[in-house]
Amino acid sequence: MINWILLIIAGLFEVAFAACLGKAKESAGNEAAWWYLGFLVCLAISMFLLVKATQALPIGTAYAVWTGIGAVGTVLVGIFVFHEPATFWRLFFISTLIASIIGLKVVSS
């Protein structure tokens with residue numbers, strides 16, 4: 001169970017590094033540099049936790065769940081933080097992605 005928790009945390013750090021990129025894009029100068037530094041730190045933590053999780057979980061499942069968490073989280077950050085559109089089709093396909101992540105967890109137990 002701890003490996004699934006590590007994988008979820010790794011996915012959340014993937015969301016964080018994507019959010020840092022978005023904030024860096026909106027910034028300039030030293031502020032942008034800090035966001036890029038945040039990106040690198042979050043990236044390193046995410047990768048480290050992914051590696052730890054894959055020592056016990058199947059790589060295909062772990063990677064799919066990690067990227068799925070990152071994709072769903074990044075879309076949600078885009079909608080709520082960066083005011084990207086929340087169209088029906090975006091939400092529909094994000095919902096199917098969430099269902100797929102849950103399905104992978106269920107069949108990998």
Side-chain angles (χ1 to χ4, degrees):
M1 187 63 172
I2 189 71
N3 293 303
W4 282 102
I5 293 169
L6 291 176
L7 186 60
I8 291 167
I9 295 169
L12 295 175
F13 273 99
E14 185 184 6
V15 174
F17 77 66
C20 286
L21 283 177
K23 294 302 276 183
K25 180 178 144 184
E26 294 178 345
S27 305
N30 287 337
E31 184 181 353
W34 284 109
W35 285 114
Y36 285 123
L37 178 62
F39 163 79
L40 293 173
V41 169
C42 290
L43 176 66
I45 293 169
S46 182
M47 291 296 156
F48 174 77
L49 293 174
L50 177 63
V51 168
K52 294 303 266 181
T54 58
Q55 291 174 348
L57 299 174
I59 185 70
T61 300
Y63 185 75
V65 169
W66 177 75
T67 56
I69 292 168
V72 169
T74 301
V75 168
L76 293 176
V77 167
I79 291 169
F80 291 111
V81 176
F82 298 108
H83 309 291
E84 294 176 357
T87 65
F88 169 80
W89 288 112
R90 284 186 89 189
L91 298 177
F92 172 78
F93 287 116
I94 286 298
S95 299
T96 61
L97 187 53
I98 291 168
S100 297
I101 293 167
I102 293 168
L104 282 171
K105 165 65 171 103
V106 169
V107 300
S108 296
S109 297

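The first residue of the sequence shown is numbered 1, and numbering continues consecutively from there.
- Follow the hydrophobic side-chain contacts under 4.5 Å out from V75 and you reach V65 in the same cluster.
- Residues L76 and I98 share a single hydrophobic cluster, defined by chaining ILVMFWY side chains whose heavy atoms lie under 4.5 Å apart.
- Closest of all the heavy-atom pairs between A53 and N3 is CB-O, 3.6 Å.
- Note on ring orientation: taking the six-membered ring where Trp is involved, the planes of W66 and Y63 are tilted (angle from 30° to 60°).
- V81 and L21 fall into different hydrophobic clusters, where Ile, Leu, Val, Met, Phe, Trp and Tyr side chains are chained together by heavy-atom contacts under 4.5 Å.
- Linking ILVMFWY side-chain heavy atoms closer than 4.5 Å, directly or via other members, places I9 and V41 in a single hydrophobic cluster.
- Residues T54 and A62 come closest through the heavy atom pair CG2-CB, 3.7 Å.
- For the pair M47/L43, a side-chain contact is recorded, criterion being any heavy-atom separation below 4.5 Å from C-beta on.
- One distance of note links NZ of K52 with CD1 of I2; it measures 11.0 Å at 0.5 Å rounding.
- What you find for L50 and A10 is that their closest heavy atoms are N-CB, 3.8 Å.
- Among all heavy-atom pairs drawn from L7 and I69, the shortest one is O-CD1, 4.3 Å.
- Expressed to the nearest 0.5 Å, how far CG of L104 lies from CG of L57 amounts to 11.5 Å.
- Contact between G70 and E14 at its shortest, heavy atoms only, is CA-OE1, 3.4 Å.
- Atoms CD1 and OG1, on I101 and T96 in that order, are 9.5 Å from each other to the nearest 0.5 Å.
- Clustering ILVMFWY residues whenever any of their side-chain heavy atoms sit less than 4.5 angstrom apart, transitively, puts I8 in a cluster other than the one holding V77.
- With rounding to the nearest 0.5 Å, the separation of OH in Y36 from CZ in F17 is 14.0 Å.
- Atom SG of C42 sits about 9.0 Å away from atom CH2 of W35, to the nearest 0.5 Å.
- Taking the side chain as every heavy atom from C-beta outward, L91 and I79 approach each other to under 4.5 Å.
- Atom CZ of F82 and atom CD of E26 lie 5.0 Å apart (nearest 0.5 Å).
- The heavy-atom pair separating V15 from G73 by the smallest distance is CG2-CA, 3.5 Å.
- For F80, the CZ atom sits in a loose shell: 12 or fewer heavy atoms of surrounding residues, nucleotides or ligands are nearer than 6.0 Å.
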